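Some notes on the structure that comes next.
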Amino acid sequence: MQAWPGSACPGRAEAFLEGAQLPQTKHSKPDWRMGGVTAGPVEDYLYSLLPPRDEVLTEIEGEAAKRKIPIVGPVVGRILGQLALMTGAKRVFEMGSAIGYSTIWWARGVGQDGRVFYTDGDRKNAEQARRYFARAGVADRIKIGVGDALELLSEEKQEFDIIFNDVDKEDYPRVFRLSIPRLRKGGLLVTDNVLWSGKVADPKNVEPSTKAIREFNRLLYSSPALFTTILPVRDGIAVAIKQS
Ligand SMILES: C[S@@+](CC[C@H](N)C(=O)[O-])C[C@H]1O[C@@H](n2cnc3c(N)ncnc32)[C@H](O)[C@@H]1O
């Protein structure tokens with residue numbers, strides 16, 4: 001299912017993208033803008049509203065576009081930062097951090113006395129992220145872990161205010177089972193890509209990743225301990241609060 005039909009009003013988005021000096025794909029949008037489930041012109045409008053990011057975030061957006069790293073991008077990045085601010089979160093565990101773009105949004109959201117746990121299976125990603133964290137002025141509030149995010153979560157004994165899930169999609173049901181007990185009451189499980197370019201709504205799509213996300217979403221909504229909503233922005237963000 002192609003959920004991104006191309007923009008009916010390209011001018012605004014292209015102006016925004018030029019401003020950010022992002023490399024263009026053959027679709028004339030960076031890869032992290034692909035898969036958006038919002039109608040093209042509406043999504044363009046959302047991006048056109050955004051204030052410019054600082055030098056480091058802008059550079060990571062360009063790097064992610066060039067290397068096709070599927071970062072959350074600035075519309076979702078702002079949601080992450082806002083969720084941290086709204087809940088007063090001080091301890092965030094991030095599963096699947098790549099080169100640290102979403103990590104920086106969390107780190108700024110938790111403030112100077114907060115702590116964000118970066119995790120990724122790729123050591124080179126972690127090295128690059130470490131350099132970005134230093135330049136972004138948030139290195140002292142980020143702990144970097146390299147390896148399987150689910151194992152790294154099990155090694156941490158504390159409870160978290162927020163767990164952010166952006167690992168391989170086949171692992172989502174396992175993330176559900178491991179992460180809920182690790183959240184404090186009132187804590188959030190936040191998950192990217194839960195609409196998976198709209199594939200979750202296509203009954204003919206039985207890819208393992210799609211099936212895993214469907215199962216994950218079902219678990220989120222059927223758990224009596226959670227109150228869940230999905231924000232249909234970009235590729236879908238699930239926000240589940242642990243009530244009991
Ligand atoms: C979608 S990217 C993360 C993007 C990042 N959250 C952002 O928005 O800036 C997914 C990353 O998760 C990592 N990954 C996938 N499964 C993982 C796992 N089980 N443990 C650790 N890292 C994992 C991959 O190496 C990849 O860099």
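When a ligand or atom number is given, it counts from 1 through the structure's own listing order. All figures in this text were calculated on a predicted structure; none of them were measured in a lab.
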Counting each atom of ligand 1 from 1 as listed, which ones have a heavy atom of [X] under 4.0 Å away?
X: A98; answer: 3 (C), 4 (C), 27 (O)
X: P70; answer: 1 (C), 4 (C)
X: D168; answer: 15 (C), 16 (N)
X: Y101; answer: 9 (O)
X: V72; answer: 7 (C), 8 (O)
X: G147; answer: 20 (N), 21 (C)

Just to confirm my output: which protein heavy-atom neighbour is closest to [atom], and how far is it?
atom: atom 5 (C) of ligand 1; answer: S102 OG, 3.3 Å
atom: atom 19 (N) of ligand 1; answer: D148 OD1, 2.8 Å
atom: atom 20 (N) of ligand 1; answer: A149 N, 2.8 Å
atom: atom 10 (C) of ligand 1; answer: D166 O, 3.3 Å
atom: atom 12 (O) of ligand 1; answer: G96 CA, 3.3 Å
atom: atom 24 (C) of ligand 1; answer: D120 OD2, 3.6 Å
atom: atom 22 (N) of ligand 1; answer: G121 N, 3.1 Å

I'd like to check R234 versus E43 (side-chain heavy atoms, cut-off strictly below 4.5 Å). Are they in contact? yes

So do the side chains of F216 and V200 get within less than 4.5 Å of each other, counting heavy atoms only? no

Is it true that E94 and S97 share a donor-acceptor pair across their side chains at a distance under 3.5 Å? yes

Quick one: do the E61 and Y101 side chains pair a donor with an acceptor below 3.5 Å? yes

If we set the cut-off at 4.0 Å for heavy atoms, which region of N125 has an atom near ligand 1: side chain, backbone, both, or neither? side chain

Counting only heavy atoms closer than 4.0 Å, does ligand 1 sit against the backbone of A64, its side chain, both, or neither? neither

Is there a polar contact, in the sense of an N or O pair closer than 3.5 Å, between [X] and ligand 1?
X: L150; value: no
X: T119; value: no
X: V167; value: no

I'd like to know if E159 and K185 make a salt bridge, using a cut-off of under 4.0 Å between side-chain N and carboxylate O. no

Quick check: does any side chain N or O of N125 sit under 3.5 Å from a backbone N or O of E127, one acting as donor and the other as acceptor? no

Under the 3.5 angstrom rule, does the side chain of D161 hit a backbone N or O of V92 as a donor-acceptor pair? no

Nearest 0.5 Å please: distance from the [atom1] atom of [X] over to the [atom2] atom of [Y].
X: R184; Y: F160; atom1: CZ; atom2: CZ; answer: 12.5 Å
X: L183; Y: F93; atom1: CG; atom2: CZ; answer: 11.5 Å
X: Y132; Y: I99; atom1: OH; atom2: CD1; answer: 5.0 Å

Before giving the answer on side chain to side chain contact (heavy atoms under 4.5 Å, CB included), spell out for K242 and L189 the whole-Å C-alpha distance, their side-chain angles and the decisive distance to 0.1 Å. CA-CA 8 Å; K242 180 171 168 179; L189 174 61; over 6 Å; no

